[in-house]
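Right, one structure below, let's go through it.
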Amino acid sequence: MVCEMFWFGRPAYLRWLAAAALIVGAAAVEFWPTAQAVYPFTAAPVEVGEAPRVEWRVLPAGIYERADITGAVASHPMGRGEPITPSDLRLPIGVPEGWWALAVEVPIAMAPGAEVRLVLGEGHTVPGLVVAFDDSDRFDVSGPTALIAVPAGDAPAVATAAAERRLVVLVAP
């Protein structure tokens with residue numbers, strides 16, 4: 001009969017201590033309080049040029065740059081619940097003093113604030129400023145339209161040229 005004897009070594013106290021320290025360290029990192037800040041999100045769908053309705057949500061501080069929404073309007077359509085960042089907003093463009101604005105069919109999308117040159121049928125040019133842009137015709141019956149401000153003295157000639165379809169809109173490069 002063979003008798004076997006097992007010799008046990010010393011328990012691994014140092015390994016147990018290292019594992020416990022690792023668990024305590026991970027729990028401290030996981031549950032350590034983080035700085036919180038409120039960030040704006042859209043409360044309803046927003047169209048271009050509308051002031052967004054805002055709902056505020058608490059997120060960890062510094063997650064993204066917070067937008068200043070005071071007096072700003074949407075620079076592009078946004079859905080409900082989207083975070084609002086500085087690139088989503090712009091200041092509204094107003095019609096300059098002494099100018100008139102009229103809706104003109106334009107060949108391409110134009111950003112509000114863009115300077116344009118309107119060429120009338122007889123070669124006369126008029127400076128213009130894009131106040132608003134709308135591409136709401138989903139059936140392609142007509143092109144997109146822009147609200148373009150022109151000097152008051154040139155407004156009747158521009159309106160006549162637009163009605164007679166003799167108006168060309170040039171965009172600065």
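All figures in this text were calculated on a predicted structure; none of them were measured in a lab.
One hydrophobic cluster holds both L102 and V169 under the rule that ILVMFWY side chains link at heavy-atom gaps under 4.5 Å. Both V54 and V58 are members of a single hydrophobic cluster when ILVMFWY side chains are connected at heavy-atom separations under 4.5 Å.
A51 approaches V73 most closely through the heavy-atom pair N-CG1, 4.1 Å. Heavy atoms only, all atoms of each residue included: A67 and P86 are closest at CB-N, 3.6 Å. Closest non-hydrogen pair, L129 versus G94, comes out as CD2-O, 4.2 Å. For the residue pair A149 and P96, the shortest heavy atom distance occurs at CB-CD, 4.0 Å. Among all heavy-atom pairs drawn from I84 and P52, the shortest one is CD1-CB, 4.1 Å.
A distance-only check finds a donor-acceptor pair linking the side chain of R66 to the backbone of V38 [under 3.5 Å]. Side-chain N or O atoms of T145 include none that pairs as donor or acceptor with a backbone N or O of V106 at under 3.5 Å. Judged by distance alone, with hydrogens and angles left aside, the side-chain atoms of T42 form a donor-acceptor pair with the main-chain N or O of G81 at under 3.5 Å.
Taking 4.5 Å as the limit, some side-chain heavy atom of L118 sits within range of a side-chain heavy atom of V150.
Pairs of residues two or more places apart, or lying in two chains, that qualify as side chain to side chain donor-acceptor pair (under 3.5 Å) and include a residue from residues 52-62 are E55-R57. Residues in residues 82-129 take part in no ring pair (Phe, Tyr, Trp, His ring centres under 6.0 Å) pair, two or more places apart or across chains.
Applying the ring pair (Phe, Tyr, Trp, His ring centres under 6.0 Å) criterion to Y39, with sequence neighbours excluded, gives Y64. With sequence neighbours excluded, the residues forming a side-chain hydrogen bond (donor to acceptor under 3.5 Å, both in side chains) with D88 are H76, T85, listed by chain and number. In this view, E65 satisfies the side-chain hydrogen bond (donor to acceptor under 3.5 Å, both in side chains) rule with no residue, not counting sequence neighbours.
With values rounded to the nearest 0.5 angstrom, I93 atom CD1 is found 11.5 Å from L147 atom CG. Rounding to the nearest 0.5 Å gives a distance of 13.0 Å between CZ of R90 and OG of S87.
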Pair up each side-chain donor or acceptor in residues 158-168 with any protein partner under 3.5 Å, not counting sequence neighbours, and list the distances.
residue : atom : partner : partner atom : Å
T160    : OG1  : P156    : O            : 2.9
E164    : OE1  : R166    : NE           : 2.5
E164    : OE1  : R166    : NH2          : 2.8
R166    : NH1  : E122    : OE1          : 3.0

